[in-house]
Engineer: 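First the structure, which I've put down as structure tokens, then a few questions once you've had a look.
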Number of protein chains: 2
Amino acid sequence: MNGWEGIRAEVLRRIRARDWPPGALIPGEEALAEEFGVARATVNRALTALAEAGVIERKKRAGTRVAELPVRRARLEIPVIRLDVLGRGLAYDFKLLSDRLTPAPVPVTARLGLAEAQSLRYLETLHLAGGRPFVLETRWLNPAVLPTPAPDFAKVSANEWLVTHVSLVSGDIAFTAEPASPREAEVMGVAPGTALLVAERTTHGTGGPVTWVRLAHAPGHRVQMVF
Amino acid sequence: MNGWEGIRAEVLRRIRARDWPPGALIPGEEALAEEFGVARATVNRALTALAEAGVIERKKRAGTRVAELPVRRARLEIPVIRLDVLGRGLAYDFKLLSDRLTPAPVPVTARLGLAEAQSLRYLETLHLAGGRPFVLETRWLNPAVLPTPAPDFAKVSANEWLVTHVSLVSGDIAFTAEPASPREAEVMGVAPGTALLVAERTTHGTGGPVTWVRLAHAPGHRVQMVF
DNA sequence: CTTGGCATTATGTCTAGACATATTAGCCAA
DNA sequence: TTGGCTAATATGTCTAGACATAATGCCAAG
């Protein structure tokens with residue numbers, strides 16, 4: 001194992017072996033560079049990677065120490081729903097159930113940072129996997145981000161159109177478990193009250209708030225992450 | 001905006017502005033270095049960061065192109081439950097409900113890659129926030145990773161002991177929504193069938209499989225991530 | 001005793017140049 | 001036409017040295 005990845009591996013090994021226990025100060029870059037016989041920049045590359053991974057904490061002047069409670073980070077890759085379905089080996093299709101301009105409820109405008117009672121585009125899309133309900137997408141979309149003429153969301157799902165056409169800058173996503181509402185039960189063909197995995201996303205772009213979306217997944221859906 | 005972060009920002013701006021649309025080949029590092037008046041290494045730093053973020057795709061000889069469908073990545077920071085609770089401004093406590101060595105069910109041994117019917121340490125821990133049930137932790141723990149004498153999980157929760165004492169190498173986490181089982185309903189004080197957010201984690205360490213754990217969260221729990 | 005400023009020091013970033021490596025396009029031969 | 005070799009090329013990594021920046025701790029002034 002050579003190069004900066006080799007150094008990263010060796011430093012990680014020493015941390016795991018508790019040569020350098022949690023909280024300990026590890027040797028400076030200069031010292032490590034000499035020990036490994038490389039330039040300081042190479043050690044820096046390795047330590048920077050470990051810091052990004054949360055294994056060590058670095059501060060100027062204070063040095064580098066092993067993280068006390070190594071925060072475990074898991075990465076979630078959020079695919080376009082179509083690709084998610086195809087990736088499971090199932091045929092994809094979707095139905096646009098609702099598309100209208102209507103005053104948004106306060107919780108939605110509040111989360112997006114818009115004026116109360118502003119009219120937003122409301123889209124209800126049922127995504128199908130192998131002909132069966134997969135996800136019910138309930139979306140409030142800021143019409144200001146749409147071009148004129150607006151795209152036809154019956155042809156391209158809003159989910160996919162947004163990814164390729166709007167510059168998404170930041171956002172957050174939250175997962176909850178909720179009982180299926182009567183409407184959800186009817187549309188997805190499950191009993192009311194069935195436990196559904198729900199993802200709520202808020203997205204902001206360069207031109208301001210973009211969309212708030214709620215994805216209610218079919219029973220049994222798993223959101224998988226690796227760390 | 002100076003330095004490699006400034007270059008990253010400018011490249012990102014051009015991608016967002018569709019100066020360089022999805023799929024397009026962007027100028028090589030040498031060309032960009034000359035344009036911005038910096039060394040090639042600085043451009044490389046900026047582009048490496050963008051590649052890690054999934055915005056561009058880089059291949060030797062083939063050059064750098066804008067990602068067609070920018071995969072959105074969200075990062076989940078998995079805290080120790082005690083800190084999660086304290087971070088919500090609530091008092092933390094936990095009760096060890098069960099602790100015994102018993103043959104593990106096949107799905108568990110299979111996921112951990114252990115022989116069937118192997119005896120594992122079974123721990124059932126109820127985590128409390130402000131005196132109310134917060135998470136029911138159901139854990140199967142490979143006794144091979146424990147020191148002798150084994151720690152007293154009635155004093156330190158297994159959740160916390162593992163983070164600080166075992167070298168966790170890799171693992172995965174999955175979220176599902178499930179109806180509360182009769183046992184869960186009883187322990188957590190909810191009606192059977194209530195929708196619970198469940199996290200299942202499998203963890204492997206340097207010394208082999210470590211633990212399989214199921215965390216059933218109290219109703220209303222949100223797992224929040226930022227991207 | 002407290003506060004402000006300053007020197008110290010470890011990390012952060014940058015440069016100019018070099019070599020390594022992967023990949024591709026094109027050429028040549030079977 | 002096809003298969004394989006080769007040369008060209010863009011990214012990946014590294015070096016040695018330099019300056020920038022941010023904490024820290026000490027010291028002096030109040």
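Everything numeric in this text was worked out from a predicted model, so none of it was measured. Residue numbering restarts at 1 for every chain, and letters A, B, ... go by the order of the sequence lines.
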Engineer: Find which nucleotide of DNA chain C each of B/Lys59 and A/Lys59 is nearest to by heavy atoms, and output the residue with the more 5' nucleotide.
Structural biologist: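 Comparing both residues, the 5'-ward one is A/Lys59.
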Engineer: Does C/dT11 have OP1 or OP2 sitting under 4.0 Å from an N or O in the side chain of A/Thr48?
Structural biologist: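 So the side-chain polar atoms of A/Thr48 never come under 4.0 Å of the phosphate oxygens OP1 or OP2 of C/dT11.
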Engineer: How close or far is atom P of D/dT9 from atom CD of B/Glu30, stated in whole angstroms?
Structural biologist: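 For the pair B/Glu30 CD and D/dT9 P, the rounded distance is 12 Å.
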Engineer: Is it the case that the base of D/dG12 and the side chain of B/Arg40 share a donor-acceptor contact (distance under 3.5 Å, atom types as modelled)?
Structural biologist: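 Counting by modelled atom types and ignoring angles, a donor-acceptor contact under 3.5 Å is found here.
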Engineer: On the nucleotide D/dT11, are OP1 or OP2 found under 4.0 Å from the side-chain N or O atoms that B/Thr64 carries?
Structural biologist: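 True: B/Thr64 side-chain N/O within range (under 4.0 Å) of D/dT11 OP1/OP2.
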Engineer: For B/Glu57 and C/dT23, what is the distance between atoms CD and C1' respectively, to the nearest whole Å?
Structural biologist: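 Result: 16 Å.
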Engineer: Taking 4.0 angstrom as the limit, do A/Arg121 and A/Asp99 come out as a salt bridge?
Structural biologist: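 Looking at A/Asp99 together with A/Arg121, the answer is yes, because their closest N to O distance falls below 4.0 Å.
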Engineer: Please pick, from C/dA22, D/dT11, D/dT24, the nucleotide with the shortest atom-to-atom distance to any side-chain atom of B/Arg61.
Structural biologist: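 Side chain of B/Arg61 sits closest to C/dA22.
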Engineer: Whole Å only: how far is the CD1 atom of B/Ile7 from the C1' atom of C/dT13?
Structural biologist: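 Rounded to the whole Å, the gap is 11 Å.
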Engineer: Between B/Asn44 and D/dG12, is there a contact of a side-chain N or O with OP1 or OP2 at under 4.0 Å?
Structural biologist: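 Checking D/dG12 against B/Asn44, a side-chain N or O does come within under 4.0 Å of OP1 or OP2.
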Engineer: Whole Å only: how far is the CZ atom of B/Arg45 from the P atom of D/dT11?
Structural biologist: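 Roughly 17 Å, once rounded to whole Å.
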Engineer: Is the distance between the ring centroids of B/His221 and A/Phe175 less than 6.0 Å?
Structural biologist: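 No - the distance between ring centres of B/His221 and A/Phe175 does not fall below the 6.0 Å cut-off.
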Engineer: Using atom CG of A/Asn2 as one end and atom C1' of D/dT13 as the other, report the distance to the nearest whole Å.
Structural biologist: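 One finds 12 Å between C1' of D/dT13 and CG of A/Asn2, rounded.
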Engineer: Calculate the interatomic distance between B/Leu25 atom CG and C/dT24 atom C1'; express it in whole Å.
Structural biologist: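 Answer to the nearest Å: 13 Å.
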Engineer: Let me know the distance between CD of B/Glu52 and P of D/dG12, rounded to the nearest Å.
Structural biologist: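 The answer, rounded to whole Å, is 11 Å.
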Engineer: Ignoring the backbone of A/Arg58, work out which of C/dT13, C/dA16, C/dG12 is nearest its side chain.
Structural biologist: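 It is C/dG12.
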Engineer: Nearest 0.5 Å, please: how far is CZ in A/Phe94 from CZ in A/Phe153?
Structural biologist: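 Here the rounded value is 10.0 Å.
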Engineer: Pick the nucleotide of DNA chain D nearest each of B/Glu29 and B/Ala41; which residue has the one closer to the 5' end?
Structural biologist: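 This one resolves to B/Glu29.
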Engineer: Using whole Å, what does the distance between atom C1' of nucleotide D/dT11 and atom CD1 of B/Ile26 come to?
Structural biologist: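 Spelled out: CD1 on B/Ile26 to C1' on D/dT11 is 12 Å.
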Engineer: Check whether A/Arg65 reaches the backbone of A/Gly23 with its side chain - one donor and one acceptor, N or O, closer than 3.5 Å.
Structural biologist: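 Yes, the answer is positive, given that a donor and an acceptor are paired below the 3.5 Å cut-off.
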Engineer: Considering heavy-atom distances to DNA chain D, does B/Gly63 or A/Gly37 have its closest nucleotide positioned more toward the 5' end?
Structural biologist: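 Of the two residues, B/Gly63 wins.
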Engineer: Is any side-chain N of the basic residue among B/Arg214 and B/Glu178 closer than 4.0 Å to the acidic one's carboxylate O?
Structural biologist: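 Here B/Arg214 pairs with B/Glu178 in a salt bridge, since their nearest N and O are under 4.0 Å apart.
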Engineer: Any idea which of C/dT24, C/dC14, D/dC14 is nearest the B/Ala62 side chain?
Structural biologist: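 Nearest to the side-chain atoms of B/Ala62, counting from C-beta on, is C/dT24.
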